Amino acid sequence: MIEFSVQICPSDISFEKEKSAHEDEVEGIPVRQFSDKYLETLAVYRKIARKLLEFDTLLFHGSVVAVDGTGYLFTAKSGTGKSTHTRLWRQLFGSRAVMANDDKPLLKITDNGVIAYGTPWNGKHRLGSNISIPLRAICILGRGETNHIQSILKSAAFPMLVQQSYRPSDAGDMRKILSLADRLGSNVRLYKLTCNMEQEAAWIAFEGMQQ
């Protein structure tokens with residue numbers, strides 16, 4: 001069992017506020033105002049995520065759904081529809097499908113595969129479970145009028161794997177992130193899905209990731 005502690009100071013909360021405002025400006029949306037209490041929780045998770053790099057564990061931005069005990073992670077830029085897509089999976093598979101985490105899961109990278117963990121930081125819809133599951137695949141999601149999934153190489157997925165991982169400012173930590181992202185891409189199957197928001201999209205995605 002891993003045991004460690006983290007401490008938060010006012011400068012950490014200020015950092016989270018400034019970071020959130022910058023991200024909203026980049027996305028072209030109105031700057032959201034969050035309470036210091038909420039920003040403190042983000043600061044806590046950021047410090048946890050940084051510490052967990054020492055244990056080959058990444059904080060990753062995506063939505064993880066499990067079907068029959070196996071995990072599938074969907075990642076994309078904010079607003080693409082990750083949560084909507086995994087909702088289609090839950091509608092399709094019913095009780096066979098369980099949300100592990102809808103926003104910021106932890107991914108433990110081992111020589112025998114990747115384990116996805118649910119966390120309390122599970123998105124605005126609060127969808128998640130206190131579970132750990134083997135991760136079968138990572139799928140980069142995109143919008144389209146028709147549904148199509150294809151397997152992609154690690155070289156094609158790598159920029160998104162890095163972008164969607166927690167990225168600290170420390171150069172040493174960043175080298176660790178790049179190494180873990182590379183190992184992540186080598187230990188799960190990688191796909192690109194273009195889809196609409198109809199029920200068929202979930203079935204095509206699931207079937208495609210069984211190949």
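Note that the structure is a prediction, hence the values are computed from the model and not measured. What's counted below: heavy atoms across the whole structure, side chains too, no hydrogens, waters or symmetry copies.
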Original post:
Should we count CD of Gln210 as having more than 12 external heavy atoms under 6.0 Å?
Top reply: yes
**OP:** State whether the number of non-hydrogen atoms from other residues, nucleotides or ligands found under 6.0 Å of Glu207 atom CD is greater than 12.
**Re:** yes
Subject >> All pairs passing side-chain hydrogen bond (donor to acceptor under 3.5 Å, both in side chains) where residues 126-143 contributes a residue, at least two apart >> reply: Asn122-Arg126
Subject >> side chain to side chain contact (heavy atoms under 4.5 Å, CB included) partners of Ser95, counting only residues at least two apart >> reply: none
Subject >> Residues forming a side chain to side chain contact (heavy atoms under 4.5 Å, CB included) with Lys176, sequence neighbours excluded >> reply: Leu53, Asp56, Leu180
Subject >> Ala43 versus Asp12, closest heavy-atom pair with distance >> reply: CB-CB, 4.0 Å
Original post:
Who else is in Leu141's hydrophobic cluster (ILVMFWY, side-chain heavy atoms under 4.5 Å, direct or via others)?
Top reply: Val65, Val67, Tyr72, Phe74, Trp89, Leu92, Phe93, Met99, Leu127, Ile149, Tyr191, Leu193, Trp203, Ile204, Phe206, Met209
Original post:
For Arg50, which residues count as a side-chain hydrogen bond (donor to acceptor under 3.5 Å, both in side chains) partner, sequence neighbours excluded?
Top reply: Asp173
Subject >> Which residues share a side-chain hydrogen bond (donor to acceptor under 3.5 Å, both in side chains) with Gln150, sequence neighbours left out >> reply: His148
**OP:** Identify, with sequence neighbours excluded, every residue that meets salt bridge (Lys or Arg N to Asp or Glu O under 4.0 Å) alongside Lys77.
**Re:** none
Original post:
Taking the hydrophobic residues Ile, Leu, Val, Met, Phe, Trp and Tyr, and joining any pair whose side-chain heavy atoms are under 4.5 Å apart, which ones share a cluster with Val26?
Top reply: none
Original post:
Hey, what else clusters with Phe15 if you join Ile, Leu, Val, Met, Phe, Trp, Tyr whenever side-chain heavy atoms sit under 4.5 Å?
Top reply: none
Original post:
For Ser14, what residues pass the side-chain hydrogen bond (donor to acceptor under 3.5 Å, both in side chains) criterion, not counting sequence neighbours?
Top reply: none
**OP:** Would you please name every residue forming a side chain to side chain contact (heavy atoms under 4.5 Å, CB included) with Ser20, sequence neighbours left out?
**Re:** Asp24, Arg32, Phe34
Original post:
Does a salt bridge link Lys82 with Asp102, judged by any charged N lying under 4.0 Å from a carboxylate O?
Top reply: no
Subject >> Salt-bridge criterion met for Lys17 and Asp36 (N-O under 4.0 Å) >> reply: no
**OP:** Output every pair passing side-chain hydrogen bond (donor to acceptor under 3.5 Å, both in side chains) with a member in residues 192-202, not counting sequence neighbours, ordered by first then second residue.
**Re:** Asn147-Asn196, Asn147-Glu200
Original post:
So, for Ile48 and Trp121, which heavy atoms are closest and what is the spacing to 0.1 Å?
Top reply: CD1-CH2, 4.2 Å
